[in-house]
Structure formats: C-alpha cells, structure tokens
Number of protein chains: 2
Amino acid sequence: MLVTPLDRHLAVLLVRAPDGALERWALPWSLSERSDATLEDTAVRVARSALPSAPVWLEQTGAFADGRRHPGDVDLSVAFVGAVPVGTLSAPGEDAAWFPVSELQPLAPRQRAIVSAAVESVRLRLDYAPVAFRLLPPTFTLSDLQRVYEILIGHRLHKASFRRALHGASLVEATDEWRSEGRGRPAQLFRHAPKRRRARRRGVRFDLLP
Amino acid sequence: MLVTPLDRHLAVLLVRAPDGALERWALPWSLSERSDATLEDTAVRVARSALPSAPVWLEQTGAFADGRRHPGDVDLSVAFVGAVPVGTLSAPGEDAAWFPVSELQPLAPRQRAIVSAAVESVRLRLDYAPVAFRLLPPTFTLSDLQRVYEILIGHRLHKASFRRALHGASLVEATDEWRSEGRGRPAQLFRHAPKRRRARRRGVRFDLLP
DNA sequence: CGATTTAGTACCGAGTGGATACTAAGTCAA
DNA sequence: TTGACTTAGTATCCACTCGGTACTAAATCG
C-alpha cells in the first residue's frame with residue numbers, strides 16, 4: 001500500500017480493478033514470484049508497477065487472511081506500507097489514482113483492514129524513523145516539514161514546540177538559501193543532517209487506548 | 001512466540017527440536033491448517049500445544065521469509081507474540097522450557113529475526129495496550145506491576161514517577177487488602193480498573209534511532 | 001530492641017510543551 | 001506608496017512532568 005502527503009491529507013494509491021470485480025478500486029498487489037525473492041523485493045516490484053519510482057520508505061505491516069479468499073484466489077496477503085515523496089504522480093495511464101484516506105473508495109474487507117493497519121503503522125513508527133524527511137526534497141522549509149508531520153500524524157502541531165524539539169534533536173541543518181513562495185515572508189531552507197542522539201530513556205506513558 | 005516475565009528477565013518459550021535438526025531448540029510452530037481458520041486461531045492452537053493455557057495477549061508481528069526454506073519445508077512464516085502470565089509453567093513434559101531473551105539458545109536465522117521483532121513489538125505496544133496488567137493476577141501490588149513493566153521495557157523505572165503516572169491515568173483501583181511477603185512492609189493490593197481517558201495529543205518526539 | 005528490608009510519600013529543581021504575543025519580510029490592492 | 005494581509009520565525013510565560021533525594025511506615029530477623 002502506497003501513501004503520500006497530498007493536499008493537506010494523507011492519500012492512498014488505488015488501482016482500477018478488473019471489470020468483473022465487486023469493487024471498482026483496489027490496492028496494488030501481485031502474486032508472490034519465485035521464492036528466491038524476499039518479501040520486500042516483491043513489494044518494491046509491486047510499487048514500481050504503479051509508480052514511476054520506488055518508495056523511499058517501506059515497511060511490512062503484517063499478514064492478512066480472512067475466511068473468504070482474495071479475488072486473486074490467494075488466502076494469505078502479506079501487506080507493506082510504502083511512502084513516496086510529495087508530488088509523485090500516480091502512474092502513467094489512468095489505471096491508478098491517489099485518494100485521501102478519509103474518503104476512500106469502497107474496498108474489499110481485507111483491503112480495508114490493510115489500510116487501517118498501514119496508517120496506524122506509519123504513525124507508530126514516525127517518532128523513530130526518518131519517514132517525513134524522505135518525503136521531502138533534499139532541502140525544505142521548516143513549514144514544509146511540519147506540514148508533512150501533521151499530515152502523517154493526522155492532527156496539527158504547535159509551531160514553536162515543533163521547532164524547539166526539532167532543533168533540540170539536532171536533526172536539521174540550515175542552509176544559506178531562502179525560498180519565497182507567493183505571499184508572505186520567505187522561509188529558510190534546511191537539510192536533513194542528524195547529529196548526536198541523546199538516549200532519552202523515558203518512563204512509561206500510560207496513554208492507554210481503551 | 002511466547003514470552004513471560006521470569007525472574008527479573010523476559011523469557012521466551014522454546015521447544016526441543018527433532019533429533020535431525022541443526023539446532024537443538026526452536027520456537028513453537030505449526031503448518032497452517034484448513035484455510036477457514038484465521039491466522040490468530042492457528043496461533044492460539046500452537047500456543048496451547050506448548051502451554052497449559054492460552055496466552056492472555058496475542059499480536060501478529062509479521063510475515064518472515066528468507067532465501068532458505070524453513071525446516072518444515074515452508075517458505076513463509078507468519079509470526080505472533082503471545083504473553084502468558086507470570087508463573088505459567090512450561091508445558092507438561094520436558095519438551096519445552098523458558099529461556100531469558102538475553103541468553104537464548106542458538107536458533108535458526110529466521111527464528112532469531114522473529115524473536116527480535118517480537119520483543120520490539122511488545123515494547124512498542126506497551127504504552128497503548130494493557131499487556132502488563134494481563135500478566136498479573138486480578139489483584140497485585142504496585143511493586144509487582146512496576147516489576148513487570150521493567151521486565152517488558154528492559155530497564156528500571158523511577159518508583160515515584162511510575163506511581164504518579166499510573167494514578168494520573170486512573171488505571172488502577174485500590175482494594176482494602178494488603179499482602180505481606182516475607183520481610184518488609186506489607187503492600188496494598190490493587191486491581192486493574194481503567195476509568196477516564198484523557199486524549200493527550202502530544203507533539204512529535206524526534207527520538208530518532210539513527 | 002535495633003538493623004534491615006520493602007512500601008509509600010514529600011519536596012525540589014530542571015526541563016518540557018503549549019498558549020500568546022510579538023517581530024520580520026514578503027505580496028497585493030487601493 | 002502605503003497599508004492590509006500573509007507567512008516565517010522568536011520570546012516570554014506558566015503549568016505540568018520527570019527524576020533525584022530524602023523522608024516516614026510497617027513488617028522480619030537477629
């Protein structure tokens with residue numbers, strides 16, 4: 001499953017299902033090829049079949065099976081989430097398109113489950129993996145970065161706090177370039193340059209979801 | 001894969017491998033049965049084959065495959081982590097035993113990967129799922145609870161902070177019973193009784209592992 | 001009884017995080 | 001040209017969190 005930040009929302013890539021299918025759209029998929037390829041290889045291959053380039057981040061979300069069989073007559077699906085940079089076009093041709101997760105097309109039950117798991121997985125890993133940085137070009141403004149974070153997390157962030165935490169973690173490095181984008185004050189460009197890492201062993205958070 | 005808190009360490013249940021095998025111990029596993037059983041059903045069945053009771057918490061950690069085939073001639077393994085209460089004995093008979101994760105027996109490469117993923121998964125979910133509570137009997141002391149958390153997290157916690165956060169989250173309820181355990185002051189017994197849930201929408205943490 | 005062990009609390013000081021408000025620097029339209 | 005508007009970035013304040021230290025409480029052991 002491929003996601004990208006699109007227009008202030010997280011979007012999922014769907015491909016048009018074959019005519020006989022119950023639903024009109026589906027997640028990109030394929031049967032596993034010869035067994036000497038890793039699962040990840042296969043995931044990359046599926047992604048490239050629907051996109052001009054490979055995803056910049058990829059992670060398995062798990063194996064899914066239900067009573068019924070998948071349209072393709074398989075009874076086990078191994079799902080991956082891949083993230084692709086902002087502005088990546090849905091494949092050449094008209095067989096694929098981005099849809100915001102909040103207003104998805106009707107999908108088969110198993111595919112719904114895969115989408116939910118994928119979104120949750122992205123949000124869980126976000127604090128530990130540099131996903132957001134890879135979705136942006138090599139240099140970016142802090143507002144860009146914050147926007148990507150907000151889209152991935154699913155809610156807005158406090159500007160000053162975001163920057164404080166960001167600089168405190170020594171993750172970005174200022175360049176001497178500025179970008180003026182329509183109206184408003186120009187923004188300084190930064191690049192991703194992680195430095196030290198303080199091993200903050202926090203306590204338990206007890207943020208229980210009931 | 002089954003884990004339990006054992007003697008201040010997290011322990012994994014291994015079963016004795018058949019004589020011809022390369023390694024002497026292995027994770028419990030089985031071939032998938034008829035396709036009308038869910039993956040979770042199968043996981044529970046595997047767990048019960050090695051334990052007197054079913055795990056109190058179960059979660060899939062993913063699908064694993066590598067070039068080589070699994071001893072059982074399968075090329076895809078769907079792995080689960082299950083947690084069982086403190087004090088659960090390894091199965092009747094001598095075919096299974098608990099081993100601390102820090103000093104595991106030699107395992108096949110794929111099984112090593114499964115163990116790592118499982119431990120990581122438990123620790124990631126710990127803040128959001130009531131795993132620790134299910135590993136304890138219905139009433140327990142706060143020291144018991146903290147001990148379980150420490151074992152699952154893998155490091156020590158500050159006593160006062162732990163209790164402050166715990167009470168702040170309204171997760172436990174005091175009973176009027178006290179338990180005296182050898183030497184030292186008796187401890188009050190508590191039960192798990194989650195109440196309100198404050199939707200603490202935190203910012204980003206940037207705890208990047210590089 | 002005193003030493004020891006475990007449970008539980010109080011206090012303090014450093015650090016965090018969010019709200020508000022401010023300044024800076026650009027565009028746009030009258 | 002000037003003033004309204006927009007976006008970028010900073011400063012200050014306050015409430016809260018977290019972890020260290022130190023304390024009290026209540027049991028056992030000698």
Side-chain angles (χ1 to χ4, degrees), chain A residues 7-8 126-127 136 139-151 153-191 196-208, chain B residues 7-8 126-127 136 139-151 153-191 196-208:
Chain A
D7 186 34
R8 306 238 167 208
L126 195 59
D127 286 350
L136 291 169
T139 66
F140 48 84
T141 71
L142 296 189
S143 296
D144 288 341
L145 183 62
Q146 181 172 347
R147 202 144 32 230
V148 170
Y149 263 98
E150 289 174 343
I151 290 172
I153 298 182
H155 63 82
R156 309 226 44 196
L157 294 171
H158 183 72
K159 183 166 63 163
S161 299
F162 180 81
R163 290 166 186 230
R164 217 179 336 185
L166 185 64
H167 290 132
S170 299
L171 285 177
V172 294
E173 185 177 87
T175 71
D176 51 359
E177 295 177 86
W178 296 71
R179 177 199 298 160
S180 183
E181 193 138 20
R183 49 194 162 285
R185 168 175 170 179
Q188 190 167 17
L189 291 177
F190 289 78
R191 74 168 59 90
R196 65 156 186 267
R197 147 152 175 71
R198 37 177 190 174
R200 296 249 303 116
R201 49 162 53 191
R202 358 181 300 256
V204 189
R205 303 218 41 117
F206 296 118
D207 288 342
L208 277 210
Chain B
D7 186 34
R8 308 238 166 208
L126 195 59
D127 287 350
L136 291 169
T139 66
F140 47 84
T141 71
L142 296 189
S143 295
D144 288 342
L145 183 62
Q146 181 174 348
R147 202 143 33 229
V148 169
Y149 264 97
E150 290 174 342
I151 290 171
I153 298 182
H155 63 82
R156 309 227 44 195
L157 294 172
H158 182 71
K159 183 166 61 162
S161 299
F162 180 80
R163 291 167 184 230
R164 217 178 333 177
L166 185 63
H167 290 132
S170 299
L171 285 177
V172 294
E173 185 178 87
T175 71
D176 51 359
E177 296 177 85
W178 296 72
R179 176 199 298 158
S180 184
E181 194 139 20
R183 50 194 161 284
R185 167 177 171 176
Q188 190 168 16
L189 291 177
F190 289 78
R191 74 167 59 89
R196 65 157 186 266
R197 146 155 172 71
R198 36 176 191 176
R200 296 248 304 116
R201 49 163 53 193
R202 354 182 305 254
V204 189
R205 304 219 37 120
F206 296 118
D207 287 344
L208 276 209

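None of the values given here were measured: they were computed from a predicted structure. Computation of the quantities below employed the complete heavy-atom set of this structure, encompassing side-chain atoms and omitting hydrogens, waters and symmetry-equivalent molecules.
- Nearest-nucleotide mapping onto DNA chain C: of A:H158 and B:T141, the residue sitting toward the 5' end is B:T141.
- Nearest to the side-chain atoms of B:Q188 among the listed nucleotides C:dG8, D:dC18, D:dT10 stands C:dG8.
- The distance from atom CG of B:L157 to atom P of D:dT17 is 17 Å, rounded to the nearest whole Å.
- What separates CZ of A:F162 from C1' of C:dG18 is a distance of 15 Å, to the nearest Å.
- Whole-Å rounding puts the A:R156 CZ to C:dG17 C1' distance at 17 Å.
- Counting to the nearest Å, the P atom of D:dT17 and the CZ atom of A:R205 are 10 Å from each other.
- Distance NE2 (B:H167) to P (D:dC18): 15 Å, rounded to an integer number of Å.
- Rounded to an integer number of Å, the gap from CG of B:D127 to P of D:dT17 is 16 Å.
- The CZ atom of A:R156 lies 7.0 Å from the CD atom of A:Q146; values are rounded to the nearest 0.5 Å.
- Taking for each of B:E181 and B:A160 the nucleotide of DNA chain C with the nearest heavy atom, the 5'-most of the two is the partner of B:E181.
- Between the CD atom of B:Q188 and the OG atom of B:S143 there is a distance of 12.0 Å, given to the nearest 0.5 Å.
- Base engagement by B:S161 is indicated by at least one non-hydrogen atom pair under 4.0 Å involving a base atom.
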- Nucleotide-resolved protein contact map, nucleotides 21-30 of chain C, B/S/- at heavy-atom distance under 4.0 Å: ---BBBS---
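- DNA chain D is contacted by both A:R163 and A:V204; A:R163 maps to the nucleotide lying nearer its 5′ end (nearest heavy atom per residue).
- A:F140 pairs in a side chain to side chain contact (heavy atoms under 4.5 Å, CB included) with only one of the listed residues (A:V172, A:T175, A:V148), which is A:V172.
- One interatomic measurement links the two molecules: CG of A:L142 to P of D:dT10, which rounds to 8 Å at whole-angstrom precision.
- For A:E173, the CD atom is densely surrounded, since the number of other residues' heavy atoms within 6.0 Å is greater than 12.
- When the P atom of D:dA8 is taken as reference, atom CZ of A:F140 falls 14 Å away, rounded to whole Å.
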- Query: Step by step, would you call A:L126 with B:V204 a side-chain contact (heavy atoms from CB on, under 4.5 Å)?
  - Reply: CA-CA 8 Å; A:L126 195 59; B:V204 189; 5.6 Å; no
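- Between A:F190 and A:H167, the ring planes are tilted. Angles from 30° to 60° get that label.
- A donor and an acceptor atom sit less than 3.5 Å apart, one in the side chain of B:R164 and one in the base of D:dG19.
- Within 6.0 Å of CZ in A:R183 there are 12 or fewer heavy atoms belonging to other residues, nucleotides or ligands.
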